[in-house]
Amino acid sequence: MVSFNYPTPQTDPLGSPKETLPTMYDLPSEYPEEPGLPDEFHDWQAHLLSLTFCPPHYPLSQIFYASDLNLYYDARHPLWHKRPDWFGVVGVPRLYNDVDMRLSYVVWQEGVNPFVVVELLSPGTEREDLGEQVIPLPDSEPRQGEGNGQESQLPTEDKPPRKWQVYEQILQIPYYVVFSRYTNQLRAFKLNEAHYQELEVQDGRVWMSELGLGLGLWQGEFQGINRLWLRWYDAQGNWILTEAEQERQRAEQERHRAEQERQRAEAAQARLDALMERLRESGIDPDTFFPDQG
């Protein structure tokens, strides 16, 4: 990130507020008590993930996704929760008990853990999102070369476990993805023998065979903003289209079909005009054969 210095040196006479007061970068959206509150990018990026999350092996009624929704994971500590930037669940009713929209996702009632979690890195949460403040739970063996530092304490009755521990060791979520809009770096981890192993990201894409979907970096315009976005793609490598994109595609196909019909009609008329002209040159009145063309 770009570094900004505040306060700005004062001048005489005083400069305008735009020049001298804190900027958006000096006054971030995160509260000290709750770091990582969504900014505008978090909202739109999560929305695009939801619009394109269509696992082909599950009906829409058995697919659930959410962003910035409390995820409760420990029945012994029912108030402990995490709030992923985005997560997807398959094999669970779209509506809670097939009746109501969820206020939160409570795993001991749902009976199905999330299948994939996506965290969008923020300055206040980056270290925890990447597991750099996490050490294994007591029944886990240390892993070599992972750099998950030793700054935090083990979870206690008063202190819940960190995000990485919840996703990897408690919920054992199969896929964990992190993306930074500041560096445009995509990193993905897959659960292997109860521990996350980082996957190789090829051409900005990660395939999840169990879902029949992949997650990748797409350069394009969404909500009027052209940048690098994270979105889902299918087994053929095609980006999953949003409903709005599908509608634009259908409109473009219809426009193209109408244009082809117009060109065919003009070509047919040109051939007919040429035939009539040759008849006239041969001394034959074409109106005898084509009275409507006279």
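No hydrogens, no waters, no symmetry mates; every other heavy atom, side chains included, goes into these values.
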Going by the angle between their ring planes, with limits at 30° and 60°, are W80 and H77 parallel, tilted or perpendicular?
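It falls in the parallel class, under 30°.
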
Does one side chain, of [X] or [Y], offer a donor that lies under 3.5 Å from an acceptor on the other?
X    : Y    : result
Q263 : E259 : yes
W239 : T52  : no
Q109 : Y72  : no

Can you confirm whether [X] sits close enough to [Y] that some side-chain heavy atom of one is under 4.5 Å from a side-chain heavy atom of the other?
X    : Y    : value
P78  : W108 : yes
Y196 : P174 : no
L51  : E245 : no
F189 : Q197 : no
V178 : V118 : no
H195 : E168 : yes
F179 : L217 : yes

Tell me if a side-chain donor or acceptor on [X] pairs with a main-chain N or O of [Y] at a distance below 3.5 Å.
X    : Y    : answer
H81  : L79  : yes
N97  : V99  : no
S282 : I284 : no
Q45  : L230 : yes
R83  : L71  : no
D85  : L120 : yes

Check salt bridge (charged side-chain N to carboxylate O under 4.0 Å, His left out) between E281 and all other residues, then give those that pass, not counting sequence neighbours.
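So E281 forms no salt bridge (charged side-chain N to carboxylate O under 4.0 Å, His left out) with any residue.
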
Counting only heavy atoms not in [X] (residues, nucleotides, ligands), do more than 12 fall under 6.0 Å from its [atom1]?
X    : atom1 : value
Q253 : CD    : yes
N192 : CG    : yes
W44  : CH2   : no

Starting from the C-alpha separation in whole Å, work towards a yes-or-no answer on side-chain contact (heavy atoms from CB on, under 4.5 Å) for M101 and L95.
CA-CA 5 Å; M101 291 185 291; L95 297 176; 3.9 Å; yes

Report the C-alpha separation of V89 and F115 in whole Å, then their side-chain angles, then the decisive distance to 0.1 Å, and conclude whether the side-chain contact (heavy atoms from CB on, under 4.5 Å) test is met.
CA-CA 5 Å; V89 194; F115 192 88; over 6 Å; no

For [X], check ring pair (Phe, Tyr, Trp, His ring centres under 6.0 Å) against everything at least two apart and list the hits.
X   : value
Y65 : none
F41 : W229
F87 : Y105

In Å, rounded to the nearest 0.5 Å, how long is the span from [atom1] of [X] to [atom2] of [Y]?
X    : Y    : atom1 : atom2 : value
Y58  : F64  : OH    : CZ    : 16.0 Å
I63  : L211 : CD1   : CG    : 9.0 Å
E261 : H256 : CD    : NE2   : 11.0 Å
N184 : R227 : CG    : CZ    : 5.0 Å
K82  : L69  : NZ    : CG    : 15.0 Å
L191 : E193 : CG    : CD    : 9.5 Å

Salt-bridged, [X] to [Y], with N to O below 4.0 Å?
X    : Y    : result
D129 : K163 : yes
E266 : R271 : no
E128 : R162 : yes

Under 6.0 Å between ring centres: does that hold for W218 and Y233?
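Here the rings of Y233 and W218 have centres that are no less than 6.0 Å from each other.
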
Quick check on the 6.0 Å ring-centre criterion: do Y176 and W164 meet it?
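Close enough - the centres of the two rings lie under 6.0 Å apart.
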
Answer with yes or no whether the hydrophobic clustering places [X] together with [Y]; edges join I, L, V, M, F, W, Y residues whose side-chain heavy atoms lie under 4.5 Å apart.
X    : Y    : value
I170 : V107 : yes
F222 : I240 : yes
L213 : L186 : yes
I173 : V177 : no
V116 : V92  : no

Report the C-alpha distance between Q269 and D273 in whole Å, list the side-chain angles of each, state the deciding distance to 0.1 Å, and finish with yes or no for side-chain contact (heavy atoms from CB on, under 4.5 Å).
CA-CA 6 Å; Q269 184 63 48; D273 292 343; 2.9 Å; yes

Given E119 and Y167, is the side chain to side chain donor-acceptor pair (under 3.5 Å) satisfied, shown in steps?
CA-CA 11 Å; E119 294 287 2; Y167 297 163; 2.7 Å; yes

Under the salt bridge (Lys or Arg N to Asp or Glu O under 4.0 Å) definition, can you give me all pairs with a residue in residues 204-218, not counting sequence neighbours?
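Passing the test, one end in residues 204-218: K190-E210.
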
Salt bridge (Lys or Arg N to Asp or Glu O under 4.0 Å) pairs, two or more places apart, involving residues 99-110
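Every salt bridge (Lys or Arg N to Asp or Glu O under 4.0 Å) pair that includes a residue of residues 99-110, provided the two are not neighbours, is R102-E110.
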
Determine whether F53 and W86 satisfy the following criterion, ring pair (Phe, Tyr, Trp, His ring centres under 6.0 Å), listing intermediate values before the conclusion.
CA-CA 11 Å; F53 185 63; W86 187 92; 5.1 Å; yes

So, for A188 and V201, which heavy atoms are closest and what is the spacing to 0.1 Å?
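In this case the closest contact between A188 and V201 is N-CG2, 4.5 Å.
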
